[in-house]
Amino acid sequence: MKPGRLFAAALLALAATASAADPIRIGLLPAADSIVITIASEEGIFKDKGLEVEPVPFRSALEIGSAMRAGALDGHFGDLMNVLSQNASGVKQAVILTTTRANIGQRCFGLAISPRLSGVIKTVSDLRSASTAMSSSTIIDYLLDRMKDQEKLAPRAIKNVEIRQIPVRMQMLMAGKVDAALLPEPLATAAERQGARIIWDDRKLDEPLAVVALKSRFLNTRTVSAFKEAVSEAARRIEANPSKYRELMVKKRLLPKDGADGYPVVRFSLFPTDDGLPPLPTEDEVRRVGKWMASKGMLKSVPDFKDVVYLR
């Protein structure tokens, strides 16, 4: 059976079991900060807060979107673009928390140049139609445009190459099959250690980079508060004992096995918030992302803030 058909069959099976299951099924991407959801589940923090949450790993935002539309998931870890596009397709949901926001103190995404070209492309000004592994309609696509604006790059400085699965982007970059790739941590650091050159990163931006959204039927004060409290506790445990969680992150393939000890574990408490998590997306940020998506033909209009972020 072809890979696409295998995924479709698995999705149908997952949807069938999800309809009768009690847990809140949360789709996860292979990003370092998604570990808070896993820890909150595996260490019983969600249960202590009165919730049953089941993390479900996926390899791409496209697959998560399909699973959300199929009714196989109740929420997901991802980005604002995925939330807005799913809402527009009728899968009503809202952001309940942010796991990562761009901050000068921590790199979350980096534009990596293949080791094959790291001696030639040393800065963004050296980019000349560089084939760049990315995924359209996601945070990667958005950040590449933000990078172009920030660095005043010509529209043709990079040539987008559509590669949906995050690990495959890394593999193609290191094999020299693409010139560049915008990678999330820890893949950016892993690529750097294997000879790639990071020529741009997100630290000077002010953007919510990763969020958790729940479908409308779970958007009530009790559920949302309990979910946030559990994730906040998981984040505190990670920051209090990062070495303990490196092993789990390697096991979940969120950190490379080689050199994991030297990788700085993701930090969440870089902002002065009461819950120790990054702030929710603001109205201006939702509008900026919505306008960008509308300009790309991904949305017909910019959505209302109250339909995107749960504030009650």
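In this text the structure is predicted, and so the values were computed from the model without any measurement.
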Verify same cluster id: Met134, Val161 (apolar side-chain graph, 4.5 Å): no
Heavy-atom check, side chain of Ser34 versus side chain of Leu254, under 4.5 Å: yes
Verdict with supporting geometry, Thr189 and Arg193, side-chain hydrogen bond (donor to acceptor under 3.5 Å, both in side chains): CA-CA 6 Å; Thr189 293; Arg193 289 178 176 175; over 6 Å; no
Gap between atom CG of Asp33 and atom OG1 of Thr98 - 0.5 Å precision: 10.5 Å
Student check: side-chain heavy atoms of Tyr142 and Arg288 closer than 4.5 Å: yes
Side chain proximity check, Arg222 to Leu51, heavy atoms < 4.5 angstrom: yes
Thr99 vs Leu97, side chain to side chain contact (heavy atoms under 4.5 Å, CB included): CA-CA, chis, key distance, verdict: CA-CA 7 Å; Thr99 60; Leu97 63 87; 3.6 Å; yes
Met68 side, atom CE; Gln86 side, atom CD - distance, nearest 0.5 Å: 4.5 Å
Side chain to side chain contact (heavy atoms under 4.5 Å, CB included) assessment of Leu183 paired with Arg169: CA-CA 8 Å; Leu183 299 172; Arg169 288 178 222 156; 4.3 Å; yes
Heavy atoms of other groups near Glu247 CD, more than 12 under 6.0 Å: no
Val53 and Ile26, any side-chain heavy atoms less than 4.5 Å apart: yes
Backbone N/O of Gln93 and side chain of Asn87: donor-acceptor pair under 3.5 Å: yes
Arg164 vs Arg59 side-chain heavy atoms within contact, under 4.5 Å: no
For Ala61 against Asn82, the heavy-atom pair lying closest together: O-ND2, 3.5 Å
Ser232 side chain to Ala230 backbone, donor-acceptor under 3.5 Å: no
Connected via hydrophobic side-chain network under 4.5 Å: Ile104 and Met147: no
Straight-line distance of Phe227 CZ to Ile96 CD1, nearest 0.5 Å: 5.0 Å
Arg146 bridged to Asp202 by N-O distance under 4.0 Å: no
Backbone of Leu73 reached by a side-chain donor or acceptor of Lys215 within 3.5 Å: yes
Gap between atom CG of Leu299 and atom OG of Ser137 - 0.5 Å precision: 9.5 Å
Cluster overlap Ile139 with Leu29, hydrophobic side-chain contacts below 4.5 Å: no
Closest contact, heavy atoms only, Lys252 versus Thr38: CE-CG2, 3.7 Å
For the student: nearest non-hydrogen atoms of Cys108 and Thr100, plus distance: SG-CG2, 3.2 Å
Derivation and outcome, side chain to side chain contact (heavy atoms under 4.5 Å, CB included), residues Tyr310 and Leu280: CA-CA 9 Å; Tyr310 184 84; Leu280 284 165; over 6 Å; no
Lys/Arg-Asp/Glu bridge criterion (N-O < 4.0 Å) met for Glu207, Arg101: no
Polar side-chain atom of Glu151 near backbone of Lys148 as donor-acceptor pair, under 3.5 Å: no
CG-CZ distance between Leu144 and Phe109, expressed to the nearest 0.5 angstrom: 10.0 Å
Gap between atom NE2 of His76 and atom CD1 of Ile37 - 0.5 Å precision: 11.5 Å
Salt bridge flag under 4.0 Å for residues Asp179 and Arg116: yes
Inter- and intrachain pairs under side chain to side chain donor-acceptor pair (under 3.5 Å), touching residues 289-303, at least two apart: Asp145-Trp292, Asp145-Lys296
Within-4.5 Å side-chain heavy-atom neighbours: Glu239 and Ser269: yes
Heavy-atom side-chain contact between Leu84 and Pro303 under 4.5 Å: yes
Least distance between heavy atoms, Thr273 atom then Leu277 atom: OG1-O, 2.6 Å
CA sep, side-chain torsions, deciding dist, call: Thr223, Asn220, side-chain hydrogen bond (donor to acceptor under 3.5 Å, both in side chains): CA-CA 6 Å; Thr223 300; Asn220 59 76; 3.0 Å; yes
Residues which pass side chain to side chain donor-acceptor pair (under 3.5 Å) with Lys122, listed by chain and number, not counting sequence neighbours: none
hydrophobic_cluster_shared for Phe46 and Leu219, side chain cutoff 4.5 Å: yes
Salt bridge (Lys or Arg N to Asp or Glu O under 4.0 Å) between Lys92 and Asp307, worked out: CA-CA 8 Å; Lys92 298 303 182 184; Asp307 294 330; over 6 Å; no
Main-chain N/O of Ala210 paired to Asp79 side chain as donor or acceptor, under 3.5 Å: no
Note, Leu111 side chain near Asp201 side chain (heavy atom, < 4.5 Å): no
Within 6.0 angstrom of Lys177 NZ, more than 12 heavy atoms from elsewhere: no
Glu192/Arg197 salt bridge by N-O under 4.0 Å criterion: no
Remaining members of the apolar cluster that contains Ile198, side-chain heavy atoms under 4.5 Å: none
Over all atoms of both residues, closest heavy-atom pair of Ala181 and Leu173: N-CD1, 3.7 Å
Ile238/Val265 under side chain to side chain contact (heavy atoms under 4.5 Å, CB included): CA gap, chis, key distance, verdict: CA-CA 8 Å; Ile238 293 170; Val265 173; 3.4 Å; yes
Gln150 to Trp200 - nearest heavy-atom pair and separation: OE1-NE1, 2.7 Å
Whether Glu54 side chain and Glu52 backbone form a donor-acceptor pair below 3.5 Å: no
Glu233 (side chain) donor-acceptor with Ala40 (main chain) under 3.5 angstrom: no
Joint hydrophobic cluster, Phe268 plus Leu209, side-chain heavy atoms closer than 4.5 Å: no
